[in-house]
Each structure stands twice: as structure tokens, then as C-alpha cells.
Amino acid sequence: MENPKILASKLISKETKLSESQILDLIEIPPDPKLGDLAFPCFSLSKDLKKSPQDIAKDLASKIKPSDIISEIRATGPYINFFLDNTKLSKQILSRILKEKNKYGSLKPNKQIYIIEFPSPNTNKPLHLGHLRNIALASSISKILENQGYTIKRINLNNDRGIHIMKSMLAYDIWGEGRTPNSEKIKSDHFVGDYYVLFSNKAKETPNLINQAQDLLLGWEQKDPNIRALWKKMNKWALDGFEQTYKRLGLKFDKTYFESDTYKGGKAIVEQGLNQGLFFKNEDGAVLADLSHENLGEKILLRPDGTSVYITQDLYLADLKYKDFKYNKSIYVAGSEQNYHFQVLFALLKALQKPYAEDCYHLNFELVYLPEGKMKSREGTVVDADDILDEMHEIAKMEVSARHDNISEKKLDQIAEKIGQAAIRFFLIKYSRNKAIIFNPKEAISFEGETGPYLQYALVRANKILAKQKLSKPDYSLLNSEEEIALIKKLAQFPEKIQESFKQYSPHILANYTIELSQQFNTFYEKCHVLKAESKDLKNARLSLVQAFTQTLKNALHLLNIEEVELM
RNA sequence: GGGCCUGUAGCCUAGUCUGGAUAAGGCGUCCGCCUUCUAAGCGGAAGAUCGUGGGUUCGAAUCCUGCCAGGCCCA
């Protein structure tokens with residue numbers, strides 16, 4: 001059976017001068033399903049034929065004969081509207097979903113390797129809500145890419161050196177008095193972060209502390225054993241803490257890089273570029289790249305004293321990643337504030353004629369703000385990732401236990417964690433990437449309406465219907481109510497919605513679709529009783545529809561990194 | 001000074017890439033629905049000069065352009 005849109009294009013093409021592909025681009029979905037399933041607007045033919053679009057629509061609609069899955073063709077004003085044969089459509093879509101199961105919506109493996117780098121934290125403070133947006137986006141994009149056939153390698157870069165690290169080290173050195181995360185019973189990355197905040201507070205009264213931190217950095221670079229030992233100890237605390245959070249989020253990396261290993265690496269690449277005449281040296285001895293042809297001006301790569309700047313190490317790391325993975329594409333997940341940085345980086349890679357230069361992509365997103373403004377770790381005005389996860393967990397736990405008794409504490413915690421994470425993840429994914437999120441803890445996160453738990457709840461209800469029911473061969477022609485047909489048509493959109501999300505690297509398209517799908521199911525659920533359907537055959541047909549819905553919703557939730565729960 | 005992003009009902013957003021029929025969803029408000037598969041749900045109502053002026057087009061939330069407001073980056 002043919003794709004209805006292609007079939008409609010063929011039929012129109014026979015009666016007009018337009019090619020099938022031209023028509024395919026013009027065909028749209030009417031705003032109201034009562035108007036039809038597909039529509040062809042006749043405005044563009046109007047000039048050529050010197051007739052009004054209304055007359056053209058009338059004329060064409062009488063000439064074109066319905067066939068196959070297209071059951072009726074009708075002119076409505078300037079549009080030719082196509083109606084589909086619901087029985088054929090239901091059969092086509094539902095049997096496909098039930099056959100393909102968890103493959104429904106996916107494409108076959110294509111042998112391309114994509115690497116995706118995130119969330120690349122600094123090791124002087126715990127992960128915050130901004131990192132969670134980064135992780136939620138990157139995790140979902142990774143799943144979507146895998147769904148589309150790509151092999152994904154997840155990598156992480158720890159920014160574990162630099163002045164910010166020295167600040168928390170210095171504060172601990174002065175005021176730590178041998179305390180440890182264990183002795184204070186604090187999660188180890190939070191313990192480190194507390195000293196970073198302490199440093200900032202003390203430095204307001206004692207500006208000289210900044211100089212001391214600078215000295216510490218010099219000592220670190222000269223590999224002073226005492227400084228290195230402290231650095232190792234505190235970095236381990238930070239990294240151990242991150243690891244716990246990653247584990248909670250089900251996050252595993254194929255490879256982890258450390259800035260302290262790579263930060264000196266770019267110098268040779270720059271010098272080689274200089275020798276090849278790709279870069280130039282100015283009067284004071286600094287090495288620069290001329291990127292004015294890319295509208296990026298001139299960029300310093302090595303200072304007059306020969307020390308490298310921040311972007312130099314990224315050149316080295318790009319090379320290293322290519323050696324490690326021989327990727328087809330390298331995706332950097334980072335905030336839009338770094339747009340310029342990545343533009344420069346990619347332009348430099350191009351100037352260096354790197355084979356992978358065109359395959360680098362900055363997957364950007366706007367930051368998460370608080371109602372008061374930007375989150376600032378050093379001032380303690382942040383929403384810690386662990387804290388918000390705990391908070392969501394507790395709220396979810398209260399909600400579940402209010403509805404169900406006789407659940408073990410263990411089960412309760414398992415379910416609450418899945419619901420809490422669904423809420424926060426969905427919240428961070430549902431907006432388009434270039435929209436800043438103002439996070440108002442009192443209002444922003446809810447378990448009702450367009451939320452993760454709404455999706456989980458729809459699945460719980462559907463699963464309950466299917467429990468202990470046997471499916472036999474359904475008669476799809478019985479599914480002819482408005483609600484049933486609407487749900488089937490929604491199910492049919494799933495593959496193209498994934499592809500759209502993939503094309504734009506934007507899970508929010510899929511997130512919004514999944515809400516619409518669940519809304520349509522809930523409408524069906526209210527109007528069409530399954531287990532008490534008027535006849536055995538109707539019940540059976542509806543069971544197949546519910547089965548197809550749960551399959552599709554599960555597939556969607558997988559791509560959004562939302563876990564299924566057995567009860568809510 | 002230059003560049004990028006954002007502006008859609010009281011609030012949060014989708015739709016903008018690829019122009020098309022009465023601008024869609026959620027929160028909140030109001031009215032209804034639990035002796036029927038879980039009410040974290042469903043139905044209905046009210047609520048929009050699509051920031052603003054101009055232009056292109058048969059047709060603009062969508063394309064071009066001037067301006068205004070907010071955010072970010074570079075110098």
C-alpha cells in the first residue's frame with residue numbers, strides 16, 4: 001500500500017503541469033480533520049490557468065478519481081481535499097507498529113560514528129540545573145541519533161585545572177582544618193563547592209587571596225608535589241561526586257578526557273600552522289590567525305611569551321578525539337554563550353585543513369536562569385542538580401503514597417525516582433533550544449499538564465487495560481469513531497516526528513508530539529471503553545489499538561529518557 | 001561600536017527553517033464529569049492589535065527591512 005501523500009501527488013500530477021515532487025512540497029494537512037486528511041492549495045496554478053483557485057479546485061476535484069487508500073476527493077474553496085479510507089489506514093498503521101515493535105520509527109544502522117561531548121563540568125563545584133539541561137538534551141539527542149542508525153560515542157571533558165580550581169583548593173588549605181566529605185557527611189563534590197563559595201566570600205574582604213590563588217596555579221604548573229597532592233585529593237572528591245550523579249541519571253561515557261592532560265597540547269599544532277604559513281606572527285611575537293574572511297577578525301593563538309590561550313587546547317583535543325574515534329561527526333553540547341568560541345574553533349580547524357573540520361557541530365542551547373537572574377555558583381545562588389533531583393523525588397513519593405497503600409518503601413522510592421526524573425527531564429527538554437528557561441522552583445515543575453508524569457500516567461492507564469488480555473486477529477474496520485481514527489493518525493506521525501527532531505537536533509519536537517499523542521489517547525480512553533466495548537470484536541480491535549499506542553509511547557519515552565512506571 | 005538569540009491570551013510555550021483555510025497546547029480562572037479500564041485524567045467557557053512601523057505577495061506569526069525591549073558574546 002502506498003504512502004497517501006505520494007499517491008495524492010501522483011493523482012494531481014496527472015491532471016496538471018506540476019511534477020510530483022513540486023506537488024509533494026505543496027501538500028499540507030488541513031487545520032481541521034473534518035476538512036480532510038490531505039490538502040492541495042490551488043493558488044499557485046491560478047496565474048498559469050488564468051482561473052480562480054476556487055474554480056481550479058472544483059475542476060480538478062471532479063477529474064481526479066479516488067483510488068487505493070484515498071477514498072474521497074472534495075473541493076473546499078481554493079483547496080482540493082483528500083479523505084483516506086480509515087479501514088485501510090488503520091490496518092496499514094496498526095499492523096506495522098505491532099510488527100515492528102520497538103523498531104517502529106527507527107532506521108537501520110548506517111555505519112556512521114558520531115561523538116557527542118557533554119556536560120564537561122568544572123571540578124570546583126557540583127553540577128547544577130544548567131548541567132541538567134545540557135545532560136537532558138544531549139542524552140535525548142544521542143538516543144534519537146541511535147534511533148536514526150548512527151553509532152554514538154558519549155564523551156566527557158573534565159575542566160580540572162585553572163584558577164577556579166585553585167580557589168577552592170586555597171580555601172580548603174586555609175580553613176579546611178583536615179575536614180573531609182566523610183567527616184562532614186557531605187556529598188564530596190558539594191564539599192569541594194562549599195570551599196569555592198567560601199573563597200569568594202573571603203576574597204571580598206581580603207582581595208590578596210586572588211594573588212595567593214595565582215601563586216598556587218604557578219606552583220601547580222611547576223608540579224609542586226604538595227600542591228599536586230591537594231589538587232588530586234580535591235579533584236577526586238569532585239569527580240566521585242559527579243559519578244554518583246551520572247549514575248543516578250543512568251549516564252555512562254565511552255571516554256572521559258581531562259583538561260590537565262591536554263591543556264599544553266595545542267602549541268605544536270599552532271607552530272606547525274605557523275610554519276605552513278596558515279597563521280602569522282605580529283611585531284610583538286604573538287601568533288595570530290586571520291579569520292576575517294569568516295567575519296571573525298584576527299584571533300590570538302600564542303601570546304608574545306609563547307604561552308597558549310584557551311582555544312589552543314581545543315585544537316589539540318579535536319585532533320585527539322579524531323584519532324580516538326575516526327568520527328563522521330563531532331557534536332559539542334554547550335551553551336549559546338559559547339557560540340563565538342566554537343565558530344572560531346571550527347574556523348581554525350578549517351584553516352588548519354583538518355579533514356574533520358566540516359564535521360564539527362556546536363549543539364547550543366540557552367541557559368537556565370532563576371527569577372533573580374543568572375545562577376552564580378560562587379555566590380551560592382544555584383540550583384544544585386542533586387538537590388532538585390532529591391526534591392522531585394520527595395514530591396513524587398508523597399504523591400504516590402497518597403494514592404496507594406501497601407507499597408514497600410523500596411518500591412515507593414523506585415517509582416518516585418522515575419517520576420521525579422521524568423518531571424525534571426521533560427521540563428528541560430520541552431522548550432526549543434534557543435529559548436532561555438527561567439526556573440521558578442515554586443511554579444515551574446508540576447506533575448500535571450504538559451509534563452513527564454502525564455506521559456507516564458497515560459502509559460500506566462493503557463497498560464492496565466492490556467493486563468491479562470489476550471489479543472487475537474483484529475477487525476480494523478470496527479475502529480471508526482472519531483477518537484479511534486484520530487489516535488491512529490497520531491500514531492502514524494511518530495516516524496516523521498523523530499526525523500524532524502533529528503534534522504533540527506531538537507528533542508522538543510518529539511516531546512511536544514508525545515504530549516499530543518498521550519492527549520489523544522486520554523480522549524480515546526474517556527470516550528471509548530475497551531474492556532466493556534459493545535461487542536467482543538470491537539473490544540478486540542480496541543485492544544490492538546491500545547497495544548499499538550503503548551508500543552509507540554514506550555518508543556517515544558525511550559528517546560526522551562523517561563522511564564516507564566508500573567503504577568502511579 | 002560589531003555579532004548572535006529572544007519577544008505569540010494574566011503566566012509558560014508550540015507554530016517561524018519550508019508563507020496558505022477560524023493562530024495550537026499547558027498553567028491559572030469559571031462551569032461540568034469518579035456505583036463504568038487509576039480524576040497525576042476528561043469535556044466545555046472566557047481570554048491574542050502574534051513587540052512595533054514599513055515592504056514583498058492573491059495570501060505574512062512565518063520572508064525582507066527600520067525601530068523598541070530583554071539576554072548573551074566579541075572588541
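Naming convention: chains lettered A, B, ... in sequence-line order (proteins, then strands); numbering from 1 in each chain. For clarity, every value in this text was computed on a predicted model and none was experimentally measured.
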Quick one: which of [options] gets closest to the side chain of [X]?
X         : options                : value
Gln519(A) : G25(B), U13(B), C74(B) : G25(B)
Asp32(A)  : C12(B), U22(B), A21(B) : U22(B)
Arg461(A) : U38(B), G7(B), A40(B)  : U38(B)
Asn339(A) : C72(B), C37(B), C4(B)  : C4(B)
Tyr525(A) : G43(B), U13(B), U38(B) : U38(B)
Leu531(A) : C37(B), C72(B), G20(B) : C37(B)
Asn522(A) : G20(B), U13(B), C42(B) : C42(B)
Lys435(A) : A14(B), A21(B), U36(B) : A14(B)
Ile465(A) : A21(B), C73(B), C37(B) : C37(B)

State, without any angle test, whether [X] and [Y] hold a side-chain donor-acceptor pair at a distance under 3.5 Å.
X         : Y         : result
Ser19(A)  : Gln22(A)  : yes
Ser472(A) : Asn540(A) : yes
Asn463(A) : Glu564(A) : yes
Asp55(A)  : Ser52(A)  : yes
Gln547(A) : Thr550(A) : no

*asked:* List the residues meeting side chain to side chain contact (heavy atoms under 4.5 Å, CB included) with Asn295(A), not counting sequence neighbours, and say none if there are none.
replied: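 If we apply the side chain to side chain contact (heavy atoms under 4.5 Å, CB included) test to Asn295(A), skipping adjacent residues, there are no hits.
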Inset, instruction - Check side chain to side chain contact (heavy atoms under 4.5 Å, CB included) between Asp387(A) and all other residues, then give those that pass, not counting sequence neighbours. - result: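 For Asp387(A) the side chain to side chain contact (heavy atoms under 4.5 Å, CB included) partners, ignoring immediate neighbours, are His190(A), Asp384(A).
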Identify the nucleotide, in any strand shown, that forms a Watson-Crick or G-U wobble pair with [N], with both distances under 3.5 Å; if there is none, say none.
N      : answer
U49(B) : none
G41(B) : C33(B)
C63(B) : G55(B)
A14(B) : none
A69(B) : U6(B)

Base A21(B) paired with Asn81(A) side chain (donor-acceptor, <3.5 Å) |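 Between A21(B) and Asn81(A), which were checked side chain against base, a qualifying N/O pair under 3.5 Å is present.
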Taking RNA chain B as the partner, which of [range] come within under 4.0 angstrom of it by heavy atom?
range                       : answer
residues 486-508 of chain A : Lys503(A), Gln504(A), His508(A)
residues 447-460 of chain A : Phe447(A), Glu448(A), Gly449(A), Glu450(A), Tyr454(A), Tyr457(A), Val460(A)
residues 388-396 of chain A : none
residues 366-375 of chain A : Glu366(A), Tyr369(A)
residues 560-568 of chain A : Leu567(A), Met568(A)

Please confirm whether the ring centroid of [X] lies under 6.0 Å from the ring centroid of [Y].
X         : Y         : answer
Tyr150(A) : Phe502(A) : yes
Tyr525(A) : Phe549(A) : no
Tyr505(A) : Tyr361(A) : yes

Distance between [atom1] atoms of [N] and [M] (Å, rounded):
N      : M      : atom1 : result
U22(B) : C31(B) : C1'   : 24 Å
C63(B) : C17(B) : P     : 5 Å
A39(B) : C34(B) : C1'   : 6 Å

- [ ] Determine, answering yes or no, if His529(A) is stacked on C37(B) under the 5.5 Å centre rule and the 30° plane rule.
- [x]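 Here His529(A) meets both the 5.5 Å and the 30° conditions.
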Does Phe43(A) stack onto the base of G20(B), taking stacking as ring centres under 5.5 Å apart and planes under 30° apart?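 It does: the ring sits over the base of G20(B).
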To the nearest Å, give me how far apart [atom1] ([X]) and [atom2] ([N]) are.
X         : N      : atom1 : atom2 : answer
Leu38(A)  : G20(B) : CG    : C1'   : 15 Å
Gln520(A) : G25(B) : CD    : P     : 11 Å
Leu45(A)  : G59(B) : CG    : C1'   : 15 Å
Phe426(A) : G25(B) : CZ    : P     : 16 Å
Ile419(A) : U38(B) : CD1   : P     : 16 Å
Lys464(A) : G41(B) : NZ    : C1'   : 14 Å
Leu26(A)  : U18(B) : CG    : P     : 14 Å

Original post:
Starting at the 5' end of RNA chain B and moving along, which residue's nearest nucleotide shows up first, Arg433(A) or Ile29(A)?
Top reply: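 Its nearest nucleotide lies further toward 5', so the answer is Arg433(A).
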Report the residues that fulfil salt bridge (charged side-chain N to carboxylate O under 4.0 Å, His left out) with [X], sequence neighbours left out, ordered by chain and then residue number.
X         : result
Lys489(A) : Asp37(A)
Glu20(A)  : none
Arg74(A)  : Glu72(A)

Is the shortest distance from a Lys or Arg side-chain nitrogen in [X] or [Y] to a carboxylate oxygen in the other one below 4.0 Å?
X         : Y         : result
Glu417(A) : Lys397(A) : no
Asp290(A) : Lys299(A) : no
Arg433(A) : Glu366(A) : no

For this session: Decide if atom CD of Glu482(A) counts as having more than 12 heavy atoms of other residues, nucleotides or ligands within a radius under 6.0 Å.
Result: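 It does not: Glu482(A) CD has 12 such atoms or fewer within range.
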query = Considering residues, nucleotides and ligands other than Lys490(A), do more than 12 of their heavy atoms fall under 6.0 Å from its NZ?
reply =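 Result for NZ/Lys490(A): enclosed.
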Query raised in the report: Parallel, tilted or perpendicular for Phe43(A) and Tyr79(A), by the 30°/60° rule?
Result: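 Because their plane-to-plane angle is over 60°, the rings of Phe43(A) and Tyr79(A) count as perpendicular.
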Review point. Going from OG on Ser46(A) to CD on Gln54(A), what distance comes out if it is rounded to the nearest 0.5 angstrom?
Key: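 The OG atom of Ser46(A) sits 8.5 Å away from the CD atom of Gln54(A).
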Atom pairs and distances, side-chain donor-acceptor, residues 367-382 of chain A, under 3.5 Å, sequence neighbours left out:
| residue | atom | partner | partner atom | Å |
| --- | --- | --- | --- | --- |
| Thr381(A) | OG1 | Lys376(A) | N | 3.2 |
| Thr381(A) | OG1 | Lys376(A) | O | 3.4 |

Pick out the pairs of N or O atoms, protein on one side and nucleotides 31-33 of chain B on the other, that lie under 3.5 Å.
none

Is the base of C12(B) syn or anti, where syn means the angle lies within 90° of 0?
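Judged by the O4'-C1' to base torsion, C12(B) sits in anti, the angle falling more than 90° away from 0.
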